[in-house]
Amino acid sequence: MSEDRRLDRLSSMLRRRGIVLPAFEIYGGVSGLIDYGPVGASIRRRVVEIWIDHWLSQGDIVEIDSPTITPEEVLVASGHVGEFNDLMTECKSCNSAFRADHIVGDDSETMDKKEIDKILANGVICPSCSKSEWTPSSPMNLMFSTRLGAMSSGRTAYMRPETAQGMFMLFPSLYRHFRQKLPFGAIQTGKGYRNEISPRQGMVRLREFNMAELEYFIDPQNPPMYSGGSEVVTLIPDPQSEYSGEKKISFAEALDKNIIRHPTVAWFLSRTWDFLIKVGINSDKIRFRQHANNEMAHYASDCWDCEIYGEYGWIECVGIANRTCHDLESHEKSSKTSTLRAWRNFEEPKVEEKEKLFPNGSVIGPMLRADAREVASIIEEMEKLPEKIPFDLKLSDGRTITITADMVERRLETITVNGEWFTPHVIEPAFGIDRIIWHILDHAYEESQKEGEPYTYLRLAKGVSNVDCIVLPLFDKDGMGDLAKNYAQQINSIPNIRSEIDFSKSIGRRYARADEIGIPWAITVDHTSIEDGSVTIRRRDDQVQIRAEIGDLIGHLRNKTMDSLF
RNA sequence: GCGCCUGUAGUGAAGGGGUUAUCACAAGAGGUUUCCAACCUCUUGUCCCGGGUUCGAAUCCCGGCGGGCGCACCA
């Protein structure tokens with residue numbers, strides 16, 4: 001089978017079998033929007049469920065769910081509004097696009113559109129073709145905006161460009177849930193939205209996409225170290241570092257050599273690898289690429305992309321970043337709260353002895369009346385004690401009051417400080433679910449031959465296929481059809497195990513249809529089944545068939561031990 | 001967004017200013033068949049959308065939308 005048109009054949013199959021299709025096709029379709037069809041939607045859900053289970057099983061991670069509509073302030077604080085509103089201009093001569101503020105030589109990002117257009121018109125030279133014919137600058141807003149509330153009183157909001165902000169919003173609740181102890185994490189899966197200028201490559205660059213993100217909050221002074229990560233993987237370290245060039249190395253060793261700069265990041269790289277293998281990504285087609293300093297977001301300190309190889313080349317499918325305290329800090333600042341922090345106990349409490357003045361209320365009160373409150377608070381907050389008493393004290397309105405010895409008491413105070421507040425750091429693994437599903441399909445799609453005819457398999461990992469097994473009556477007569485329905489129903493009553501039934505056409509064709517969409521097990525009901533309740537079980541991957549009692553089959557399906565029958 | 005290519009049943013293709021648009025596979029109904037895309041009969045279903053040229057447009061032209069590739073963009 002020729003390789004050159006494989007992408008076309010795979011895409012055709014995905015449409016034909018209802019896995020992934022262009023959305024709104026009867027109205028001409030919309031670029032960057034896709035449907036998961038009757039088969040694909042189940043595959044997508046199962047991949048997401050495996051992802052959720054993968055993280056929840058760790059024990060210190062919980063799931064949350066927050067709105068996709070996000071008020072503007074949140075995304076101003078996160079930096080998305082600024083980043084997504086860059087003015088762009090294009091050279092009419094060579095069609096190169098540039099950030100308008102950069103091309104006019106202003107890095108302050110304070111110029112407005114009028115100023116920039118004026119400078120552009122005054123002969124700024126295009127760096128790529130040396131001419132000077134610019135289009136008027138226009139904002140490149142990659143977020144979908146909307147309004148909350150009707151008419152002009154509404155509040156500007158955006159469809160979220162990432163799910164991460166939801167976890168930051170819920171930090172106070174998470175902190176309480178975890179009994180004020182770090183580390184802990186929160187995951188969220190759901191839709192994200194970016195109004196891409198030019199969506200391309202099928203399901204790789206979408207305008208509405210499925211994301212799955214984890215925010216893992218840690219104490220930067222005490223970063224969690226986990227063991228593991230011994231499998232040898234492909235790493236491409238920062239090309240500007242001393243480790244440039246592709247490396248075959250384990251995560252553990254890479255951490256040891258400081259190629260991976262943070263122990264928790266190393267752990268999540270390893271857990272990401274585990275997940276990808278679990279859902280059926282080919283291990284030879286995974287690599288981890290470290291961002292160079294100039295590629296990283298300004299706040300991140302160690303950033304890795306997990307790239308997967310497929311029909312479109314190496315595609316970034318997971319980003320793992322140490323976002324440090326950036327997000328929590330900037331939300332704390334913008335929202336004027338002080339709830340986005342964690343408490344850290346000192347190993348030893350710090351004990352400080354300090355001389356302090358205490359106001360003597362029974363003297364000050366009757367004497368100063370209305371001024372007593374202010375005077376008392378000034379005295380209590382004095383960092384530096386006056387050298388002698390009496391002394392003069394200045395009030396906020398400029399008057400001066402003389403404080404005499406009977407008005408205050410000088411005492412030695414012992415202050416014990418048990419710990420301090422700090423802003424946790426956050427390690428963020430962010431998964432592009434659609435891109436991962438694309439590569440699952442790409443890697444599973446196998447074009448082979450059967451008796452000289454082209455034959456295709458989708459060798460999906462167990463648990464990823466839309467159903468777990470298909471029940472096939474050899475013929476729809478002599479009660480085989482009814483028996484098959486009965487068995488399919490019994491199988492469907494097992495939690496999280498699904499079966500389908502197919503009566504149409506010859507048995508060989510039905511096996512082929514099941515193979516094409518990756519159903520791992522085919523259960524055939526034949527004449528013997530009617531006599532003794534046994535069925536044949538065919539394994540997709542090698543077409544080996546065995547016979548088993550329906551009761552045994554159900555037990556093995558429930559325990560996910562089907563392979564032990566063979 | 002720009003440039004080049006492109007759009008015909010579910011899928012892949014053929015054709016094309018003039019009767020009812022063709023083929024294969026797939027799908028549905030029935031028959032046959034004791035386990036791997038078999039066979040027979042019947043059936044369903046297509047010219048991306050809009051405008052123009054024309055007596056007549058699915059065909060030619062223009063625009064839009066969608067797709068592919070390249071350039072640019074990708075927090």
Side-chain angles (χ1 to χ4, degrees), chain A residues 5 7-18 21-33 37 75 78-86 88-99 128-129 135 138 140-143 161-162 164-165 192 194-202 204-207 295-300 303 305 311-312 315-316 319 321 323 430 432 449-456 472-478 480 503-516 522-530 535-538 540 543-545 547:
Chain A
R5 305 263 294 167
L7 175 58
D8 292 342
R9 292 189 298 271
L10 171 54
S11 304
S12 298
M13 188 278 282
L14 295 179
R15 285 179 181 216
R16 184 163 39 79
R17 298 307 309 273
L21 310 83
F24 308 110
E25 212 182 5
I26 64 169
Y27 287 102
V30 179
S31 175
L33 300 179
L75 295 160
S78 69
H80 287 94
V81 170
E83 296 291 337
F84 278 68
N85 276 316
D86 297 331
M88 299 291 291
T89 183
E90 217 174 308
C91 172
K92 289 182 206 165
S93 166
C94 68
N95 295 319
S96 308
F98 298 94
R99 275 196 43 182
S128 83
C129 72
T135 61
S138 58
M140 187 186 69
N141 191 342
L142 289 188
M143 289 193 292
E162 61 174 22
Q165 299 308 318
R194 294 174 198 183
N195 201 357
E196 295 285 351
I197 300 166
S198 127
R200 285 280 168 88
Q201 301 174 305
V204 168
R205 186 150 3 136
L206 296 171
R207 289 189 165 128
E295 187 184 0
M296 262 187 284
H298 59 282
Y299 49 80
C303 200
D305 279 345
E311 288 286 348
Y312 298 112
I315 299 289
E316 173 198 346
R323 292 173 74 136
Q449 292 218 334
K450 201 165 178 179
E451 285 158 30
E453 296 292 311
Y455 196 92
T456 70
L472 309 172
L474 190 56
F475 303 107
D476 188 9
K477 62 176 189 186
D478 303 334
M480 281 180 255
F503 295 94
S504 300
K505 307 226 161 138
S506 76
I507 192 71
R509 177 168 298 199
R510 284 178 279 164
Y511 287 144
R513 281 197 288 234
D515 288 339
E516 191 179 38
I523 313 301
T524 306
V525 174
D526 57 17
H527 293 89
T528 316
S529 309
I530 296 168
V535 292
T536 66
I537 303 169
R538 171 187 179 274
R540 175 197 70 206
Q543 294 133 74
V544 170
Q545 228 167 350
R547 183 165 276 278

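Here the structure is a predicted model, which is why all the values come from computation and not from measurement.
Of all nucleotides listed (B:U11, B:C35, B:G70), B:C35 comes nearest to the side chain of A:Ile507. When the nucleotides B:U11, B:G67, B:C36 are ranked by their closest atom to the side chain of A:Arg16, B:U11 comes out on top. Checked against B:C35, B:A37, B:U34, the side chain of A:His527 finds its nearest nucleotide in B:U34. Checking B:U11, B:C35, B:G3 against every side-chain atom of A:Gln545, the shortest atom distance belongs to B:C35. Comparing atom distances between the A:Ser12 side chain and each of B:G12, B:G67, B:C36 picks out B:G12 as nearest.
Here A:Thr536 lies in heavy-atom contact (under 4.0 Å) with a base. Among the heavy atoms of the strands, none lies under 4.0 Å from A:Glu316. Using a 4.0 Å heavy-atom criterion, one finds that A:Thr524 contacts the bases of the nucleic acid, with or without backbone contacts as well. Residue contacts shown for A:Glu453 are absent, as no nucleic acid heavy atom lies under 4.0 Å away. When heavy atoms are screened at a 4.0 angstrom cut-off, A:Gly202 is found touching the sugar-phosphate backbone but no base atom. Residue contacts for A:Arg205: at a heavy-atom cut-off of 4.0 Å it reaches a base atom on one of the strands shown. Across all strands shown, A:Glu25 has no heavy atoms under 4.0 Å from either base or sugar-phosphate atoms. Note on A:Arg510: nothing from the nucleic acid sits closer than 4.0 angstrom, heavy atoms only.
Distance alone, capped at 3.5 Å, places no donor-acceptor pair between the A:Arg15 side chain and the A:Leu10 backbone. Panel note: side chain A:Arg509, backbone A:Ser504; no donor-acceptor pair is recorded below 3.5 Å.
Nucleotides B:A58 and B:C69, compared at atom P, are 31 Å apart to the nearest Å. For B:G66 and B:U8, the P atoms lie 16 Å apart once the distance is rounded to whole Å. Comparing the same atom, P, in B:G16 and in B:G63 gives a spacing of 25 Å after rounding to whole Å. The same atom, P, is picked in B:G3 and in B:C62; the two are 13 Å apart, to the nearest Å. Rounded to the nearest Å, the gap between the P atom of B:U53 and that of B:A57 is 11 Å. As rounded to the nearest Å, B:G10 and B:U44 have C1' atoms that lie 12 Å from one another. Taking atom P on both nucleotides, B:A29 is separated from B:C55 by 50 Å, rounded to a whole Å. Spacing between B:A9 and B:C25 at atom C1', rounded to whole Å, works out to 12 Å.
Across all strands shown, B:A57 forms no Watson-Crick or G-U wobble pair with both key distances under 3.5 Å. Pair check for B:G66 finds B:U6; Watson-Crick or G-U wobble, both atom distances under 3.5 Å. Pair check for B:A29 finds B:U41; Watson-Crick or G-U wobble, both atom distances under 3.5 Å. Under the Watson-Crick and G-U wobble criteria, each requiring two contacts below 3.5 Å, nucleotide B:C23 is paired to B:G12.
Annotation: side chain of A:His527 is in contact with side chain of A:Asp478 (closest heavy-atom distance under 4.5 Å). In this structure, the side chains of A:Gln201 and A:Glu311 stay at 4.5 Å or more apart for every pair of heavy atoms.
Between A:Asp515 and A:Arg538, at least one side-chain nitrogen of the basic residue sits less than 4.0 Å from a carboxylate oxygen of the acidic one, meeting the salt-bridge criterion. Residues A:Glu196 and A:Arg207 are not paired through a salt bridge, judged by the lack of any N-O separation under 4.0 Å between the basic side chain and the carboxylate. Ion pair A:Arg540/A:Glu516 not flagged as a salt bridge, since none of the NZ, NE, NH1 or NH2 atoms sits closer than 4.0 Å to an Asp/Glu carboxylate oxygen.
Each of A:Arg200 and A:Leu474 was matched to the nucleotide of RNA chain B holding its nearest heavy atom; the match closer to the 5' end belongs to A:Leu474. Nucleotides of RNA chain B nearest to A:Gln201 and A:Lys477 differ in position, and the one nearer the 5' end is that of A:Lys477.
Between A:Ser198 and B:G1, a side-chain N or O to OP1/OP2 separation shorter than 4.0 Å is absent. OP1 or OP2 of B:A26 lies within a sub-4.0 Å distance of a side-chain N or O belonging to A:Arg509. One finds no side-chain N or O of A:Ser506 lying less than 4.0 angstrom from the OP1 or OP2 phosphate oxygen of B:C36. Distances shorter than 4.0 Å separate some side-chain N or O of A:Ser504 from OP1 or OP2 on B:G28. Between A:Arg5 and B:A13 there is a side-chain N or O to OP1 or OP2 distance below 4.0 Å.
What separates CD of A:Glu162 from P of B:C74 is a distance of 17 Å, to the nearest Å. The interatomic distance linking A:Glu196 (CD) with B:A72 (P) rounds to 16 Å, in whole Å. If you measure from atom CG of A:Leu33 to atom C1' of B:G66, you get 12 Å, rounded to the nearest angstrom. In this structure, A:Phe503 atom CZ and B:U32 atom C1' are separated by 19 Å, rounded to whole Å. Note: CZ (A:Arg15) to C1' (B:G10) measures 10 Å, nearest angstrom. Spacing between atom CZ of A:Arg17 and atom C1' of B:U11 amounts to 11 Å, rounded to whole angstrom units. Here B:G66 presents its P atom at 17 Å from CG of A:Leu21, a figure rounded to the nearest Å. When rounded to the nearest whole Å, the span between CZ of A:Arg207 and C1' of B:C74 equals 13 Å.
Between the side chain of A:Arg538 and the base of B:C35, no donor-acceptor pair of N or O atoms lies under 3.5 Å. Between the side chain of A:Gln543 and the base of B:C36, no donor-acceptor pair under 3.5 Å is found. For B:C48, its base never sits under 3.5 Å from the side chain of A:Tyr27 at any donor and acceptor pair.
For A:Phe24, the CZ atom counts as loosely surrounded, since its 6.0 Å shell holds 12 or fewer non-hydrogen atoms of other residues, nucleotides or ligands.
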- Task: Tell me, with the steps shown, if A:Arg547 and A:Asp526 meet salt bridge (Lys or Arg N to Asp or Glu O under 4.0 Å).
- Result: CA-CA 11 Å; A:Arg547 183 165 276 278; A:Asp526 57 17; 2.4 Å; yes

